[in-house]
Amino acid sequence: MKVLVAVKRVIDYNVKVRVKPDNTGVDLANVKMAMNPFCEIAVEEAVRLKEKGIANEIVVVSIGPKACQEQIRTALALGADRGIHIEADEDVQSLDAAKLLKAVVEKEEPKLVILGKQSIDSDNNQTGQMLAALTGMGQGTFASEVVVDGEKVNVTREVDGGLMTLSLSLPAVVTTDLRLNEPRYASLPNIMKAKKKPLDVMSPADLGVEIAARLTTLKVEAPAARSAGIKVADVAELVDKLKNEAKVI
Amino acid sequence: MSILVIAEHDNSSLKQATLSVVAAAKAIGGDIDVLVAGENCGAVAEAAAKAEGVAKVLVADNAAYGHFLGENLGELVAEVGKGYSHILTSAGTTGKDFMPRVAALLDVAQVSDIIRVESADTFVRPIYAGNAIATVKTSDSIKVVTVRPTGFDPVAAEGGSAAVEQLDVVKDAGLSSFVGEEKAKSDRPDLASAGIVISGGRGMQNGDNFKMLEQVADLLGAGMGASRAAVDAGFVPNDMQVGQTGKIVAPQLYIAVGISGAIQHLAGMSDSKVIVAINKDEEAPIFQVADYGLVADLFEAVPQLEEELKKVL
């Protein structure tokens, strides 16, 4: 079966985020960018399905400026077969991303679409579910285990208070949680090979989607800093402070 | 304005998070209806009817909603909600699952995980794991919003007397079915609503050592949490994880034991009223946010803490 994986280019998770002094956003100039960590897990899961003989083709798609072809190449180096870049310089919000992905799903007709559960920049946790709704597919969100069985997929989900397992008819959408797998690193020969793998570039217009931001960010501020308190000498002093000063026990 | 709040519950009791979502609805202003969708969830509807500020409770009681499947809830809420100006629910795993489907079906944007209401169309939400706080305005006619419960003090659970109305809307998309669940069994308070939380990190060294923390938690009536490092190392299950990728907590007292204080963890607990850190590394970043820091070997400090607490409690 064919698996479609969506990946997003975001600030590297190790980079300390700084809010711009004019409060218009986060400073991304000269900042290291990388594939969103949840998307790496999505790519890895698809590659494992291919290694098990369940998937026969992995198509990776990314939406954004030209630079996000780097992340598509990374996915190709990890084992995806072909890439689609939807070039968009403007701010593409979740609903529009879902509409673009829906158009790709209609073209490619994958049996399974795997996305990260959220991106670590906007922290929205929306696109996979929106795509599933728009395409009329079932969804297995926050997956910690994915088992394909014929025309069904069983997805174990990380939910408040434990785990929940669902059975979904294929085609379906899965969004990844952290414990689904541990992504591999790309080897140098595979990075070289990835450069020769096919990568199609298209525009939102090619897919018949008009980008129309519904949300306007009025300002972005640094969170209120929490100031460090005091160091206590020993446990007895700690308990005394908690009881008599903070009055929380 | 009219606001529809989708209740979070387990078919038998209303989650306190719902009372915080009603508080967010009050901050927006307007008539507040609560939709209880579930199976044999009459007790939840009764509880919702007593909540302060609720005008009407709508009940969709059907097997199709028993396991809160996102496909079915999405269709139900999109249909019931289209007459409202706002649709709100808690940003728990159930709300995060079905709400974007509602937004997509209504062709509107969703504003996720708000912590403050600025006006009827403008909301404040953390981005970049809480390292930046964005003020966002939506231009859609129906505002679909998920609410971070710790951002709003819950309304009173008692005192209201809303009318309860049964809905005869059955949406079964037939796309998914429930197979099973594994609920972590614990007599301790739920992490998300506990007044005191004690969490362990990589410094705990193994899962067995968390028993030390359990004893302290039992003395304090505290919920138990963990850092992502402790979860990744396999010491404890993932549903204990506090942080950007786990639960967001804001208790009266948060005790971090053997946790260095990675940004990812701080994003999940830095709104706690009082933070205590116990760590042997005095350079650990957790001390920069702690009200009370104790530089000590946790294997000595935690048993001492238990003894000292026994004296004063």
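Each chain gets a letter, A, B and so on, in the order the sequences are listed, and its residues count up from 1. Just the heavy atoms: all of them, side chains too, but no hydrogens, waters or symmetry mates, feed the values below.
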Colleague: Is there a side-chain contact between A/L238 and B/E308 in this structure, where contact means two heavy atoms from C-beta onward sitting under 4.5 Å apart?
Modeller: no

Colleague: Non-hydrogen atoms of chain B under 4.5 Å away: do they reach the side chain of A/D234, the backbone, both or neither?
Modeller: backbone

Colleague: Just so I understand: if I count every heavy-atom pair under 4.5 Å between each of A/A222, A/S119, A/A132, A/A213 and chain B, which residue has the most?
Modeller: A/A132

Colleague: Within the supplied structure, the quantity of interest is the number of heavy atoms (other residues, nucleotides, ligands) at a distance under 6.0 Å from A/E245 CD; does it exceed 12?
Modeller: yes

Colleague: Under 4.5 Å from any heavy atom of chain A, what part of B/E306 do you find: side chain, backbone, both or neither?
Modeller: neither

Colleague: May I ask you to name which of A/D121, A/T216, A/T141, A/L166 has the most heavy-atom pairs under 4.5 Å with chain B?
Modeller: A/D121

Colleague: For the interface with chain B, which of A/V153, A/V239, A/T127, A/D240 has the highest count of heavy-atom pairs at distances below 4.5 Å?
Modeller: A/V239

Colleague: About how many Å separate CG of A/L242 and CD of B/Q252, when rounded to the nearest 0.5 Å?
Modeller: 12.5 Å

Colleague: Is it the backbone or the side chain of A/R157 that comes under 4.5 Å from a heavy atom of chain B, or both, or neither?
Modeller: side chain

Colleague: For the residue pair B/V108 and A/L95, establish whether any side-chain heavy-atom pair is separated by less than 4.5 Å.
Modeller: no

Colleague: Taking side chain as everything from C-beta outward and backbone as N, CA, C, O, which of these in A/S94 sits under 4.5 Å from a heavy atom of chain B? Side chain, backbone, both or neither.
Modeller: neither

Colleague: Between A/R214 (side chain only) and B/D140 (backbone N and O only), is there a donor and an acceptor less than 3.5 Å apart?
Modeller: no

Colleague: Taking side chain as everything from C-beta outward and backbone as N, CA, C, O, which of these in A/K99 sits under 4.5 Å from a heavy atom of chain B? Side chain, backbone, both or neither.
Modeller: side chain

Colleague: What pair of heavy atoms forms the shortest contact from B/A104 to A/A133, and how long is it?
Modeller: CB-CB, 3.9 Å

Colleague: For B/R125 versus A/S122, what's the shortest heavy-atom pair and its separation?
Modeller: NH2-O, 2.9 Å

Colleague: Chain A heavy atoms under 4.5 Å from B/A301: which part of the residue, side chain, backbone, both or neither?
Modeller: both

Colleague: Considering all heavy atoms of both residues, which atom of A/P223 and which atom of B/I133 are nearest to each other, and what is their separation?
Modeller: CA-CG1, 3.8 Å

Colleague: Where does B/V124 contact chain A at under 4.5 Å (heavy atoms): side chain, backbone, both or neither?
Modeller: neither

Colleague: Rounded to the nearest 0.5 Å, what separation is found between the CD atom of B/Q288 and the CZ atom of A/R226?
Modeller: 13.0 Å

Colleague: Looking only at non-hydrogen atoms, find the nearest pair between A/G162 and B/D239 and report the distance.
Modeller: N-CB, 4.0 Å

Colleague: Flag the pair A/I249 / B/L220 as yes when at least one side-chain heavy-atom distance between them is below 4.5 Å, and no otherwise.
Modeller: yes

Colleague: Tell me whether B/S176 contacts the main-chain N or O of A/L168 through its side chain, where contact means a donor paired with an acceptor under 3.5 Å.
Modeller: no

Colleague: Under 6.0 Å from the CG atom of A/D22, do we count more than 12 heavy atoms belonging to anything else shown?
Modeller: yes

Colleague: Output the option from A/T156, A/L218, A/N154 having the highest count of non-hydrogen pairs under 4.5 Å with chain B.
Modeller: A/L218

Colleague: Top residue by heavy-atom pair count (under 4.5 Å) with chain B, among A/D177, A/V19, A/V26?
Modeller: A/V26

Colleague: Please determine if A/D160 and B/K96 form a salt bridge, counting it only when a charged side-chain N lies under 4.0 Å from a carboxylate O.
Modeller: no

Colleague: I'd like to know whether NZ of A/K231 has more than 12 heavy-atom contacts from other residues, nucleotides or ligands below 6.0 angstrom.
Modeller: yes

Colleague: Under a 4.5 Å heavy-atom cutoff, which of A/K241, A/E182, A/R179 has the most pairs with chain B?
Modeller: A/R179

Colleague: Side chains of B/D97 and A/Q139: do they bring a donor and an acceptor to under 3.5 Å?
Modeller: yes

Colleague: Could you tell me which portion of B/A132 (side chain, backbone, both or neither) has an atom closer than 4.5 angstrom to a non-hydrogen atom of chain A?
Modeller: both

Colleague: More than 12 heavy atoms of other residues, nucleotides or ligands under 6.0 Å from NZ of A/K107: is that the case?
Modeller: no

Colleague: Considering only heavy atoms, which portion of A/A98 lies under 4.5 Å from any heavy atom of chain B: side chain, backbone, both, or neither?
Modeller: neither

Colleague: Which of the residues B/L253, B/L294, B/V312, B/L105 is involved in the greatest number of heavy-atom pairs with chain A at under 4.5 angstrom?
Modeller: B/L294

Colleague: Check each atom of B/L266 against the heavy atoms of chain A and say whether the ones under 4.5 Å are side chain, backbone, both or neither.
Modeller: neither

Colleague: Which heavy atom of A/A228 sits nearest to which heavy atom of B/F287, and what is that distance?
Modeller: CB-O, 3.6 Å

Colleague: Please tell me if the side chains of B/M99 and A/N125 come closer than 4.5 Å, counting only heavy atoms from C-beta onward.
Modeller: no

Colleague: Under a 4.5 Å heavy-atom cutoff, which of B/V102, B/V231, B/L309, B/D107 has the most pairs with chain A?
Modeller: B/D107

Colleague: First locate atom CG of A/L215, then atom OG1 of B/T122, and finally report the distance between them rounded to the nearest 0.5 Å.
Modeller: 10.5 Å

Colleague: Looking only at heavy atoms and a cut-off of under 4.5 Å, which of B/E307, B/Q304, B/M240 has the most pairs with chain A?
Modeller: B/Q304

Colleague: Would one find more than 12 heavy atoms of other residues, nucleotides or ligands at under 6.0 Å from atom NZ of A/K219?
Modeller: no

Colleague: Counting only heavy atoms closer than 4.5 Å, note whether A/F38 contacts chain B via side chain, backbone, both or neither.
Modeller: side chain

Colleague: Going by heavy atoms in the side chains, are B/T94 and A/V159 under 4.5 Å from each other?
Modeller: no

Colleague: In terms of heavy-atom pairs under 4.5 Å, which option from B/D113, B/D271, B/D291 contacts chain A the most?
Modeller: B/D291

Colleague: Kindly write out the residues that satisfy side chain to side chain donor-acceptor pair (under 3.5 Å) with B/Q16, not counting sequence neighbours, or none if the list is empty.
Modeller: none

Colleague: To the nearest 0.5 Å, how far apart are CG in B/N238 and CG in A/L163?
Modeller: 8.0 Å

Colleague: Below 4.5 Å from any heavy atom of chain B, which atoms of A/A172 appear? Answer side chain, backbone, both or neither.
Modeller: neither

Colleague: Counting only non-hydrogen atoms closer than 4.5 Å, does A/K243 touch chain B with its backbone (N, CA, C, O), its side chain (CB onward), both, or neither?
Modeller: side chain

Colleague: With chain A as the partner, which of B/E181, B/K247, B/K137, B/R101 has the greatest number of non-hydrogen pairs under 4.5 Å?
Modeller: B/R101

Colleague: Among B/I275, B/T135, B/I127, which has the most heavy-atom pairs under 4.5 Å with chain A?
Modeller: B/T135

Colleague: Any heavy-atom pair between the side chains of A/I120 and B/Q244 that's under 4.5 Å?
Modeller: yes

Colleague: Look up atom CD1 in A/I11 and atom CG in B/N131, then write down how far apart they are to the nearest 0.5 Å.
Modeller: 9.0 Å

Colleague: With side chains defined as the heavy atoms from C-beta onward, is the minimum distance between B/Q110 and A/N124 less than 4.5 Å?
Modeller: no

Colleague: Grab the two heavy atoms, one from B/H67 and one from A/M164, that are nearest each other, plus how far apart they are.
Modeller: O-CE, 3.2 Å

